[in-house]
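Numbering starts at 1 and runs along the sequence shown. Just so it is clear, the structure is predicted and the values come from calculations on it, not from any experiment. FYI, side chains are in, hydrogens and waters are out, and symmetry mates aren't considered; it's all heavy atoms of this structure.
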Amino acid sequence: MSNDQLDYRLLKIKNGKPFFAIINLEISLNDNQNEIIEEYIGRGWIRIGDIESVPTKDIKNTVDYDDWRKAVIKGIEFVFSKTTQKWTVKVKKVEGRIATDTNPTIIGYATILAFCKQTNLQLDFDLNNQIEDFAFKSWENDNYKKIPNFINLKYEI
C-alpha cells in the first residue's frame, strides 16, 4: 500500500507536447547514508487508455518498465547530490502512459520534484530552469528512448 497523500502529480502541456507522471515516495532522514528502496506496488500495463503503474517485476511478454525504474534512481541520485543530509527514499508508485505522455526523463524529473516538495529542498533557480528545460525537450531527437542523467544534463543509452 502507499499513502496517496504522498502522490506527486506532474501534468503539463508545453509546446503542444504532454508531460505526465505520478510519483509516490516515502522519505525519511537517515543517520548514516543515503538509501533507495524500491517497493513498487503497480500492476503494469492493463489496457489501452489506462494509466500504467510500475510493477515490482516486469511480467514476461508485456511492457518493460526498466527505463522508468532507472530514471527514478537517476532523479533520486541527483537530489542526493544537492543536499548534505542523508535520506531513505522508498519508491512506492510510479505511474504514467508510455509513449504518449510519459518517458524516462519525465519520470526522473517528476521524481526530483516529488522529493523537493516533501523535503522542502529548494534547488537553485537557474539549475531548476535547466532541469525543467532538459525534461521538456525529452520528446526531441529520440531522447524519450534514453535514460536521463540529471547531474550532467545528458542522456545515457
4.5 Å side-chain heavy-atom contact, D67 and K145 = no

Do any N or O atoms from the side chain of N34 and from the backbone of W87 form a donor-acceptor pair under 3.5 angstrom?
-> yes

Roughly how far apart are I147 CD1 and R69 CZ, rounded to 0.5 Å?
-> 11.5 Å

Passes side-chain contact (heavy atoms from CB on, under 4.5 Å), L6 versus E26? Steps please.
-> CA-CA 7 Å; L6 297 177; E26 291 180 1; 3.8 Å; yes

Verify, without hydrogens or angle tests, whether N15 (side chain) and K17 (backbone) share a donor-acceptor contact under 3.5 angstrom.
-> no

Under the ring pair (Phe, Tyr, Trp, His ring centres under 6.0 Å) test, which residues partner F78, sequence neighbours left out?
-> none

I106 to F20 - nearest heavy-atom pair and separation = CG2-O, 3.7 Å

Salt bridge or not for D7 and R9, using N-O below 4.0 Å?
-> yes

Measure the CD1-CG distance between I112 and L10 for me, rounded to the nearest 0.5 Å.
-> 11.0 Å

Smallest heavy-atom separation, P104 atom then Y144 atom, equals CD-O, 3.2 Å

Begin with the C-alpha distance, continue with both residues' side-chain angles, and end with the deciding distance and a verdict on side-chain contact (heavy atoms from CB on, under 4.5 Å) for I37 and T88.
-> CA-CA 7 Å; I37 302 168; T88 296; 3.9 Å; yes

Inter-residue atom distance K92.NZ - N3.CG, 0.5 Å rounding = 10.0 Å

Decide whether I51 and W68 are clustered together by the hydrophobic rule: side chain heavy atoms of Ile, Leu, Val, Met, Phe, Trp, Tyr closer than 4.5 Å, transitively.
-> no

G42 versus S53, closest heavy-atom pair with distance = CA-OG, 3.2 Å

Decide, yes or no, whether a salt bridge links R97 with D50 under the criterion of side-chain N to carboxylate O below 4.0 Å.
-> no

Taken to the nearest 0.5 Å, the spacing of I131 CD1 from D126 CG works out to 11.0 Å

For S138, the option from N143, N103, T102 that meets side-chain hydrogen bond (donor to acceptor under 3.5 Å, both in side chains) | N103

Gap separating the CZ atom of F19 from the NZ atom of K14, nearest 0.5 angstrom = 8.0 Å

Search all heavy atoms of Y40 against all heavy atoms of V54 and return the closest pair with its distance.
-> CB-O, 3.4 Å

With hydrophobic residues grouped by side-chain heavy-atom distances under 4.5 Å, do F136 and L153 end up in a single group?
-> yes

Would V72 end up clustered with L11 when hydrophobic side chains under 4.5 Å apart are linked, directly or stepwise?
-> no

Given side chains that start at C-beta, do those of I22 and V94 come closer than 4.5 Å, heavy atoms only?
-> no

Measuring from K117:NZ to I23:CD1, what's the distance to the nearest 0.5 Å?
-> 13.0 Å

Charged N to carboxylate O under 4.0 angstrom, K146 versus D142?
-> no

On a heavy-atom basis, the closest approach of A135 and T105 is CA-CG2, 3.6 Å

Do I41 and V91 share a hydrophobic cluster, counting only Ile, Leu, Val, Met, Phe, Trp and Tyr and linking them when any side-chain heavy atoms are less than 4.5 Å apart?
-> no

Is the number of heavy atoms from other residues, nucleotides or ligands under 6.0 Å of E140 CD greater than 12?
-> yes

Can a salt bridge be assigned to the pair K74 and E156 using a cut-off of 4.0 Å between side-chain N and carboxylate O?
-> yes

Treating Ile, Leu, Val, Met, Phe, Trp and Tyr as nodes and any side-chain heavy-atom pair under 4.5 angstrom as an edge, say whether L113 and I73 lie in one connected cluster.
-> yes

All ring pair (Phe, Tyr, Trp, His ring centres under 6.0 Å) counterparts of Y155, not counting sequence neighbours = F134

L29 atom CG, neighbour heavy-atom count above 12 within 6.0 Å | yes

Test item: K82 and L123 side chains (from C-beta on) under 4.5 Å apart, heavy atoms = yes

Donor-acceptor pair between Y65 and E52 side chains, under 3.5 angstrom = yes

Is there side-chain contact between T111 and Y8, with heavy atoms separated by less than 4.5 Å?
-> no

